[in-house]
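Beneath this line is the structure, given in structure tokens, with notes to follow.
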Amino acid sequence: MTTVSAPRIEHHREPLGIGEARPRMSWTLDDAPEGWQQRAYAITLTRAAGGETVEVVSSEQVLVPWPSRALDSRERVGVRVAVQGIDGTWSASSPPTWLETGLLHPADWSAGPIGLDLDEDPESDARRATLVRSTFRIDGPIAHARLYATAHGLYDAEINGMRVGSDTLSPGWTVYRERLRYYTYDVTTLLGEGDNAIGAWLGDGWYRGRLGWRGGHRNIFGSDLSFLGQLEITYADGRRETVATDDTWRATLSPILRSGIYDGEDYDARQELPGWSTAAFDDTAWLPVSVRDRDPHTLVAPTGPPVRVTEEITPVAVLTSPHGARILDFGQNLVGRVRIRVTGQRGTTVTLRTAEVLQEGELYTRPLRSARSSDAYTLAGHPDGEEWEPRFTFHGFRYAEVAGWPGDLDADVAAGALTARVLHTDLERTGWFACSDPLVEQLHRNVVWGMRGNFVDIPTDCPQRDERVGWTGDIQVFGPTASTLFDVSGMLSGWLRDVEAEQLPDGTVPWFVPVIPSHKVWSPIRPGAAWGDVATLLPWTLYQRFGDEGVLAAQFDSARRWVDRIDAAAGPDRLWDEGFQLGDWLDPAAPPQDPADARTDRYLVATAYFARSARVVADMAVALGREADAERYGILAAEVAAAFRAAHVNPDGTMSSDAQTAYALAIVFDLLADEAQRAAAGARLADLVHAAGNRIATGFVGTPLVCDALTLTGHTAAAYALLQEQGCPSWLYQVVQGATTIWERWDALLPDGSVNPGTMTSFNHYALGAVADWMHRRVAGLAPAAPGYRRIRFAPRPGGGLTHAAAVQLTPTGKPRSPGASSRTHSSSISSSRSARPQSSTSPVSRPKNSDTARTPERCASDDRGHATAGHPVVDRRTTSSGRKRTRRS
Ligand code: RAM
């Protein structure tokens with residue numbers, strides 16, 4: 001009997017404080033018999049005003065439209081779903097999901113941003129974090145209470161001495177001037193009858209802390225540190241009272257002497273104010289606050305999960321360096337911070353300096369450039385010990401040098417006193433991979449860790465040095481892999497709104513989003529291929545992987561404007577052959593100090609991307625039923641492809657740049673004239689791979705494509721040879737060198753074990769890990785064949801001596817069963833029971849080292865020829881538009 005999961009609301013893991021007045025809903029199905037198909041669904045809403053059931057004839061189960069009148073602010077609604085098969089039988093109702101809206105209208109906000117006015121040097125890097133607080137009375141039993149909170153800077157809220165929420169680094173990093181995110185917390189259990197208190201810690205964060213390389217800038221988005229909080233208490237008798245930040249609040253300096261994203265945090269526990277967020281605390285020595293500006297129109301609810309600590313890791317070794325430094329080795333390059341439990345004399349300062357690598361046994365911090373990446377804790381001297389973790393910073397590190405530790409560091413480490421706390425956007429894991437080659441499995445694990453460390457509210461390039469910004473090219477190439485490994489739909493569709501907010505009036509897409517001031521190379525902003533194409537390719541990826549047509553609709557204008565911008569740059573000959581381009585960035589043959597000087601001509605790259613983006617905009621238009629746009633951009637795409645061939649492809653199929661990235665682009669972007677030309681390009685590419693001794697020869701642009709290009713043209717053995725090569729440079733070179741993440745440069749660590757002397761030497765950069773998507777789709781052979789995996793393609797390409805490979809994918813659509821097993825060497829399995837697999841590791845538990853690998857994969861078909869259909873709701877939206885609410889025009 002078919003059972004229906006509790007529905008998912010939009011892309012929210014927890015639909016509390018959502019911003020959608022008409023949220024879409026999705027569900028998955030269990031135990032549907034073979035061949036079962038959905039004829040209709042019924043949604044039952046439980047609202048304060050009463051219940052309502054709406055029946056819709058439709059086979060859809062992903063992101064179906066809201067079936068009733070729009071929600072109000074603060075509305076709490078139970079949503080249940082039942083489905084009917086084509087045989088007319090209805091399932092039982094699903095368990096309910098309770099959703100609750102946030103504050104949907106600017107007029108809902110009575111709070112304003114408040115903070116301490118300090119006479120401080122705005123350019124100083126030692127500005128104190130502050131505290132704000134207020135008290136209030138509760139004079140009867142309460143039904144529930146919510147805190148709506150955000151800040152200029154970062155905040156941690158407290159009520160009655162207790163921390164509110166489990167998020168960290170909130171409100172994250174958005175284009176603050178247009179979109180400042182607020183979070184909603186259920187604080188009912190933190191309140192009690194009588195006197196209560198609320199307060200918040202405030203730190204610099206991205207808003208006013210130092211950001212950017214070459215020294216960077218402070219106060220980029222503002223110079224104030226302000227909390228904006230609105231506590232709404234609903235009494236059992238229905239009355240509602242609001243405690244909002246206003247000029248009655250009070251403020252003071254916190255024990256955090258300074259804190260910065262890059263530089264770390266200094267904390268003096270002697271300056272703690274015990275009980276500062278309780279009602280009994282005497283705040284007469286505190287100062288009045290001033291009220292700052294924030295247009296409530298700019299306050300937006302989150303579309304994805306917040307940043308959280310998701311795992312704790314204890315050191316695998318405590319080292320003593322040749323110079324006598326004590327260094328913790330966590331065994332994994334990770335992103336987070338170290339929590340300490342320490343007992344010692346009042347006034348003792350413990351310092352923790354972090355780095356990703358050692359050189360000659362010492363902590364090696366040059367790759368961090370100007371990021372101080374150090375934390376310092378001065379003890380209050382509590383006889384029973386004290387516990388501390390930095391609050392408003394994060395580091396990318398594997399090693400932490402500990403100085404000034406009072407006591408026996410080895411014994412204290414053994415007793416669990418120093419722990420790395422891993423943090424990132426708390427995304428749901430959706431994709432797993434396993435195979436018989438342990439080095440390839442380690443490569444995949446490194447990709448996962450690289451992704452975790454670089455999804456810290458925005459998708460970043462790196463998490464450790466004085467950079468950590470939302471480089472558009474990096475996520476453009478990594479988007480498909482990211483979308484396989486984790487459910488990034490909510491987070492990245494939110495970030496794409498920021499991309500659009502930063503897009504120039506002429507359509508130019510910035511190099512990084514949010515934009516920060518930077519060196520003249522990047523400013524004024526000029527259009528660049530592969531980076532700016534995030535505006536077209538990332539929405540398309542999200543649509544393909546999550547079946548979200550809404551993201552296409554939301555981003556269509558942005559995508560179109562980007563293509564129009566390139567069109568203007570290219571002119572009538574349809575060749576984008578001038579201007580500043582990064583091209584195949586970090587081709588291993590490029591000179592270390594000029595990573596754009598790649599083997600493939602940068603304008604070949606630019607025109608190839610022009611063609612690809614025009615094609616994708618045409619495809620977006622088709623999906624959205626925009627016929628005129630579909631035609632216009634389809635013609636443009638064909639013209640650009642023809643111009644590309646005329647300029648870059650010789651009659652014999654060789655190319656103007658006889659380099660791997662050139663062929664990979666032409667093949668994967670489908671720019672070649674016919675099968676013969678494509679076969680010739682594939683053969684030449686395979687020859688180049690062979691001639692290079694299977695060493696990698698591609699940068700950011702070619703690397704995500706080269707294995708696909710080889711498998712698409714039948715050169716599977718060459719693709720495996722590339723994947724499994726261990727010499728320098730190659731993917732597995734990094735692995736055999738001991739990498740636990742993906743490096744920015746193929747040879748960030750040189751064969752002699754020393755660190756590459758270049759100024760860009762991150763050991764945690766996800767871009768070159770974009771091959772993992774190919775591993776899922778081609779090695780294990782599990783790929784979406786229609787948006788949102790409505791149809792699934794099982795087509796493993798065995799090779800490379802692998803005796804086994806498997807992938808597991810939680811898909812949005814249901815629980816498609818793989819057709820019967822036909823191969824003993826490859827298996828792919830799919831599972832969709834999102835709720836059955838406890839993915840959110842918000843509880844601080846260490847996982848076994850190999851926990852990323854695919855678990856319990858079922859054996860399934862390995863049909864190398866074509867599309868295998870899944871067992872049920874296998875529908876192509878366009879051909880089954882029976883739903884009465886359908887608006888599709890195609
Ligand atoms: C580096 C970044 C990023 C890349 C740019 C062009 O500084 O780390 O990876 O996109 O340069």
Side-chain angles (χ1 to χ4, degrees), residues 173 211-216 261-262 333 335 356 366-371 373 396 447 450-451 453-456 458-479 481-482 495 499 502 508-523 525-535 537-538 579-588 590-598 600 602 605-606 609 661 698-704 734 741-748 755-770:
W173 192 8
L211 273 190
W213 46 108
R214 300 182 191 231
I261 298 279
Y262 298 158
N333 195 17
V335 173
E356 296 182 291
R366 185 184 56 79
L368 308 180
R369 299 195 304 222
S370 76
S373 200
V447 175
M451 174 165 173
N454 280 296
F455 275 63
V456 179
I458 62 163
T460 58
D461 58 330
C462 60
Q464 73 296 79
R465 68 180 179 221
D466 55 359
E467 198 156 346
R468 317 187 198 184
V469 301
W471 282 96
T472 48
D474 302 45
I475 187 60
Q476 187 275 111
V477 299
F478 192 70
T481 295
W495 180 76
V499 170
E502 297 282 41
T508 301
V509 173
W511 299 101
F512 35 87
V513 173
V515 173
I516 58 172
S518 63
H519 184 255
K520 62 177 188 301
V521 172
W522 313 111
S523 164
I525 300 165
R526 298 172 277 183
W531 273 253
D533 294 285
V534 79
L537 303 186
L538 188 57
F580 179 73
Q581 295 290 344
L582 296 179
D584 192 24
W585 182 250
L586 284 169
D587 174 335
Q593 298 308 346
D594 188 4
D597 188 12
T600 299
R602 63 193 76 195
V605 172
Y609 263 99
T661 292
T698 49
F700 271 34
V701 164
T703 299
Q734 299 189 355
T741 38
I742 302 294
W743 301 342
E744 176 173 27
R745 291 179 187 271
W746 289 109
D747 56 351
V755 175
N756 187 307
T759 52
M760 286 182 350
T761 310
S762 154
F763 288 86
N764 197 354
H765 238 72
Y766 52 54
L768 301 179

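Whatever order the structure lists them in is the order used to number ligands and atoms, beginning at 1.
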Backbone N/O of [Y] and side chain of [X]: donor-acceptor pair under 3.5 Å:
X	Y	value
R468	P463	yes
N756	R745	no
D466	R369	no

Just need the protein heavy atom nearest to [atom], so name the residue and atom and give the distance.
atom	result
atom 9 (O) of ligand 1	D474 OD2, 2.6 Å
atom 8 (O) of ligand 1	D461 OD2, 2.7 Å
atom 6 (C) of ligand 1	L582 CD1, 3.4 Å

Check contact between R468 and ligand 1, using heavy atoms of the residue and a distance below 4.0 angstrom. no
For W511 and ligand 1, answer yes if some heavy atom of the residue is under 4.0 Å from a ligand atom, otherwise no. no
For ligand 1, which part of [X] has a heavy atom less than 4.0 Å away: the side chain, the backbone, both, or neither?
X	value
R465	side chain
W213	neither
W585	side chain

Hey, mind stepping through W511 and F580 against ring pair (Phe, Tyr, Trp, His ring centres under 6.0 Å) and telling me if it holds? CA-CA 12 Å; W511 299 101; F580 179 73; 5.7 Å; yes
Heavy-atom closest pair, residues [X] and [Y]:
X	Y	result
D587	A598	CB-CB, 3.5 Å
G212	I516	CA-CD1, 3.7 Å
A371	Q464	CB-O, 3.7 Å

Ligand-residue contact atoms, ligand 1 with F700, heavy atoms, under 4.0 Å: 9 (O)
Would you mind running through ligand 1 and noting each atom that sits below 4.0 Å from a heavy atom of M760?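 Checking each atom against M760, I get 1 (C), 7 (O).
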Regarding atom 7 (O) of ligand 1: of the candidates E467, E744, H765, Q476, which has the closest heavy atom?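 The residue whose heavy atom sits nearest atom 7 (O) of ligand 1 is E467.
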